[in-house]
Amino acid sequence: MSNIRWSPSRFQCLDDHLQEGIPVDSAGLKIYGEGERLDQRHAVRPRRRWRKLHLGVDANNHEIVAVELTRDDVGDVAAVPDLLDQIDGSIASMTGDRAHDGQAAYDAVAERHLEPAVVIPPRSTAAPSATTATQRDQRFHTIAKHGRISRQRLSGYSRRSRVETAISRYKAIPGRLLHARTLPNQKTRAKIACNVLNRMTSLGMPVSVRIK
């Protein structure tokens with residue numbers, strides 16, 4: 001197995017332009033290695049070690065189009081550029097939760113794509129820019145005018161549920177434990193797992209219907 005070389009390619013989007021946009025999110029994956037097995041053998045409470053899985057999903061077809069695995073101390077905003085670099089073509093929007101709020105995330109999107117909408121609710125401690133009006137500043141005005149819940153409905157924030165579903169599927173199928181010992185090997189495992197999930201997604205997704 002050590003002689004096998006696997007070069008992860010960029011995720012290919014089905015369309016050159018992702019009309020529904022890219023929702024992004026992150027979740028923790030636990031590292032399970034030799035040290036933890038020894039702790040369990042000697043009935044010692046193990047010290048938990050984690051990695052952070054960052055995903056970007058095509059909101060139209062649930063395909064994972066970007067994946068990054070980082071240390072647990074890497075913030076969601078810092079992972080946005082690496083996620084966007086994996087996406088071919090342009091995107092209509094990027095949607096994330098408050099952990100992605102920061103001008104750096106808006107700048108990363110603007111540098112790589114032509115005027116997409118960034119749908120990220122401001123943090124509770126966030127404040128508008130004191131110099132120039134930005135897309136992030138418009139979020140504050142919209143919230144002040146329509147309220148936070150109405151603003152989320154108007155902006156299509158509900159699309160973020162697609163990436164939450166992808167993370168749930170990742171934890172349920174490939175699993176939430178990382179058995180590889182080094183970060184490069186753990187990254188390879190995460191990319192392979194996402195490719196497997198994409199193949200499963202291409203076979204079909206369940207259709208949910210609201211019962212009135």
Side-chain angles (χ1 to χ4, degrees), residues 6 8-31 50-72 74-101 105 108-109 112-113 116-121 152 155-180 183 186-210:
W6 183 77
S9 60
R10 293 160 63 93
F11 287 92
Q12 298 296 319
C13 305
L14 297 182
D15 300 316
D16 292 335
H17 184 77
L18 299 177
Q19 299 291 342
E20 295 295 328
I22 301 295
V24 297
D25 203 358
S26 66
L29 299 180
K30 186 179 180 182
I31 302 174
W50 300 86
R51 297 297 188 205
K52 208 169 185 180
L53 178 70
H54 307 264
L55 294 183
V57 174
D58 184 344
N60 184 48
N61 57 24
H62 296 269
E63 180 186 15
I64 299 173
V65 294
V67 54
E68 190 66 31
L69 191 73
T70 65
R71 301 187 309 271
D72 60 351
V74 175
D76 290 352
V77 175
V80 169
D82 291 331
L83 291 176
L84 295 177
D85 286 341
Q86 300 177 38
I87 300 173
D88 292 323
S90 59
I91 63 175
S93 66
M94 187 193 79
T95 306
D97 58 13
R98 293 184 184 181
H100 295 86
D101 179 42
V109 176
R112 292 164 176 78
H113 301 278
V118 180
V119 184
I120 300 175
Q152 291 182 0
S155 62
Y157 182 73
S158 60
R159 286 192 295 264
R160 200 175 69 84
S161 63
R162 313 291 173 81
V163 69
E164 292 176 337
T165 300
I167 288 178
S168 296
R169 293 173 63 238
Y170 188 103
K171 290 183 175 180
I173 301 174
R176 63 183 67 205
L177 295 179
L178 293 170
H179 294 273
L183 182 57
Q186 292 164 357
K187 288 185 176 183
T188 299
R189 191 261 189 189
K191 290 181 180 291
I192 293 175
C194 288
N195 278 320
V196 170
L197 289 177
N198 281 344
R199 292 197 177 194
M200 296 176 64
T201 301
S202 66
L203 298 176
M205 291 289 291
V207 177
S208 301
V209 179
R210 178 179 295 180

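With rounding to the nearest 0.5 Å, the separation of CG in L69 from CG in L29 is 6.5 Å. Here D25 contributes atom CG and S168 contributes atom OG; the two are 9.5 Å apart, rounded to the nearest 0.5 Å. With rounding to the nearest 0.5 Å, the separation of OG1 in T70 from NZ in K187 is 7.5 Å. Rounded to the nearest 0.5 angstrom, H54 NE2 and Q86 CD are separated by 11.0 Å. Between the CZ atom of R71 and the CG atom of L183 there is a distance of 8.0 Å, given to the nearest 0.5 Å. In this structure, CD1 in I22 is found 11.5 Å from CZ in R162, a value given to the nearest 0.5 Å.
Looking at I173 and M200, their side chains come closer than 4.5 Å, going by heavy atoms from C-beta outward. Proximity of E68 to S26: side-chain heavy atoms (C-beta onward) are nowhere separated by under 4.5 Å.
Considering every non-hydrogen atom in both R189 and L177, the closest pair reads NH2-O, 3.6 Å. Across all non-hydrogen atoms, the minimal contact from A66 to I87 is CB-CG1, 4.3 Å. The nearest pair of heavy atoms linking I167 to L55 is CG1-CD1, 3.8 Å. Of all the heavy atoms in A180 and Q186, the pair that sits closest is O-NE2, 2.8 Å. Of all non-hydrogen atoms in R169 and T201, the two that sit nearest each other are NH2-OG1, 3.0 Å. The two residues A105 and I120 have their closest heavy-atom pair at CB-CD1, 4.5 Å.
For N198 (side chain) and E63 (main-chain N/O), no donor-acceptor pair under 3.5 Å exists by modelled atom type.
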Intermediate values then yes/no, salt bridge (charged side-chain N to carboxylate O under 4.0 Å, His left out), K52 and D76 | CA-CA 9 Å; K52 208 169 185 180; D76 290 352; 3.2 Å; yes
Verdict with reasoning, M94 to L84, per side chain to side chain contact (heavy atoms under 4.5 Å, CB included) = CA-CA 10 Å; M94 187 193 79; L84 295 177; 4.3 Å; yes
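Of the residues listed (V57, D97, T95), the one engaging V163 in a side-chain contact (heavy atoms from CB on, under 4.5 Å) is V57, and it is the only one.
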